[in-house]
Amino acid sequence: SVGRFTYLNPSMEAFLGRTLAEFNSTSFESDFEWRRWIHPEDYEQVAAEWARCVKTGNQFVSEHRQRGAEGIYRWFRVVGRPSLDGKGTVTGWYGQTVDIEEQKRAEREYRDRTLELSLLVDMTPSHLWRLTPDGTTTLVNKRMADFLGLEVLDENTLETIMNTIFHPDDAG
């Protein structure tokens, strides 16, 4: 049946708290009934992508949360590649599951710190901007944007800020 495992490495068996035989003994309601191990918020997307890959024979790639033996979810990157016979028919799948929980945690912390820094920069009671070594503007705080009458700071706006705030005779 599609979705049955023929091998689980020891670390995945330990994470799931089940051997391969125990894992596959579960009653599968459909071709993709891993609902109890995949986070409810991720399940529909993962199931739809798996169904698409089974139908097309394309590689399966997903980042989603999986529940371990203790009931705690961790982020994993899962890649499944089809094994094809001489006629191009899928005969099985080879998969790799990599724990990326620490990567996801670091990404969240980076986003949180970036947001916090952005809020602090915007609260600074002066005009602040950051330039790259070649002079490209990469950051303007809200106070400076308001002073310049800029509502949206996009890439094109940032590139032209230095040209708008300095007199041409002083910009060179």
Side-chain angles (χ1 to χ4, degrees), residues 1-123 130 132 136 138-142 145 151-158:
S1 163
V2 174
R4 296 256 182 219
F5 290 89
T6 58
Y7 175 77
L8 284 176
N9 69 21
S11 64
M12 200 61 189
E13 284 184 345
F15 175 75
L16 294 171
R18 294 172 176 264
T19 65
L20 174 65
E22 292 169 327
F23 189 78
N24 279 336
S25 70
T26 304
S27 166
F28 279 60
E29 296 171 14
S30 70
D31 287 343
F32 189 83
E33 191 52 44
W34 303 334
R35 188 176 298 273
R36 70 186 61 177
W37 294 283
I38 295 177
H39 193 283
E41 293 175 10
D42 303 336
Y43 180 81
E44 294 303 324
Q45 180 180 349
V46 173
E49 179 62 10
W50 174 244
R52 186 187 71 76
C53 291
V54 167
K55 183 177 179 179
T56 64
N58 290 341
Q59 175 176 288
F60 174 80
V61 178
S62 177
E63 289 185 1
H64 59 268
R65 293 161 286 184
Q66 291 182 197
R67 184 172 54 87
E70 293 86 32
I72 298 170
Y73 288 95
R74 293 183 65 84
W75 280 97
F76 285 85
R77 177 176 172 77
V78 180
V79 177
R81 291 181 177 85
S83 176
L84 307 174
D85 66 13
K87 297 178 182 177
T89 303
V90 175
T91 59
W93 292 81
Y94 291 94
Q96 179 182 27
T97 303
V98 178
D99 185 329
I100 59 169
E101 180 67 28
E102 295 307 315
Q103 173 190 333
K104 290 291 189 176
R105 183 173 293 131
E107 289 171 358
R108 281 190 305 273
E109 288 174 7
Y110 176 76
R111 278 192 309 274
D112 291 348
R113 287 183 181 183
T114 300
L115 177 60
E116 182 181 353
L117 178 60
S118 177
L119 292 171
L120 288 171
V121 166
D122 283 345
M123 291 173 29
R130 181 180 61 216
T132 62
T136 303
T138 59
L139 172 112
V140 173
N141 73 340
K142 182 168 177 10
E151 291 188 28
V152 177
L153 294 178
D154 61 20
E155 207 172 287
N156 295 328
T157 305
L158 291 175

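Any value given below was found using the heavy atoms of this structure, including those in side chains, with hydrogens, waters and symmetry copies removed.
- With T91 contributing its side chain and S83 its backbone, the two residues share a donor-acceptor pair below 3.5 Å.
- Looking at heavy atoms from C-beta onward, E102 lies out of side-chain contact with I100 at the 4.5 angstrom threshold.
- Checked against side-chain hydrogen bond (donor to acceptor under 3.5 Å, both in side chains), Q96 has no partners two or more places apart in sequence or in another chain.
- Taking the six-membered ring for Trp and the full ring otherwise, the centers of F15 and F76 sit less than 6.0 Å from each other.
- The side-chain hydrogen bond (donor to acceptor under 3.5 Å, both in side chains) check on T56 picks up N58, with sequence neighbours excluded.
- Among residue pairs with one or both ends in residues 79-100, those qualifying as salt bridge (Lys or Arg N to Asp or Glu O under 4.0 Å) are R74-D99; sequence neighbours excluded.
- The shortest non-hydrogen separation linking F60 to W93 is N-CZ3, 4.4 Å.
- With sequence neighbours excluded, the residues satisfying side-chain contact (heavy atoms from CB on, under 4.5 Å) with R108 are W75, E101, K104, R105, R111.
- Every side-chain hydrogen bond (donor to acceptor under 3.5 Å, both in side chains) that Q103 has, sequence neighbours left out, goes to E107.
- Not counting sequence neighbours, the partners of L84 by the side-chain contact (heavy atoms from CB on, under 4.5 Å) test are P82, V90.
- Using a 4.5 Å heavy-atom cutoff, the side chains of I72 and R67 are not in contact.
- Distance CG/L16 to CZ/R36: 11.5 Å, rounded to 0.5 Å.
- Under the salt bridge (Lys or Arg N to Asp or Glu O under 4.0 Å) criterion, the residue pairs touching residues 40-50 are R35-E44, E41-R65, D42-R65, E49-R52, with sequence neighbours excluded.
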Could you give the side-chain donor-acceptor pairs of residues 5-14 under 3.5 Å, partners two or more places apart or in another chain?
from	atom 1	to	atom 2	distance (Å)
N9	OD1	S11	N	3.3
N9	OD1	S11	OG	3.0
N9	OD1	M12	N	2.8
E13	OE2	L20	N	3.0

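- The two residues G17 and E22 have their closest heavy-atom pair at O-OE1, 4.3 Å.
- Partners of T97 under the side-chain hydrogen bond (donor to acceptor under 3.5 Å, both in side chains) rule, at least two apart in sequence or in another chain, do not exist in this structure.
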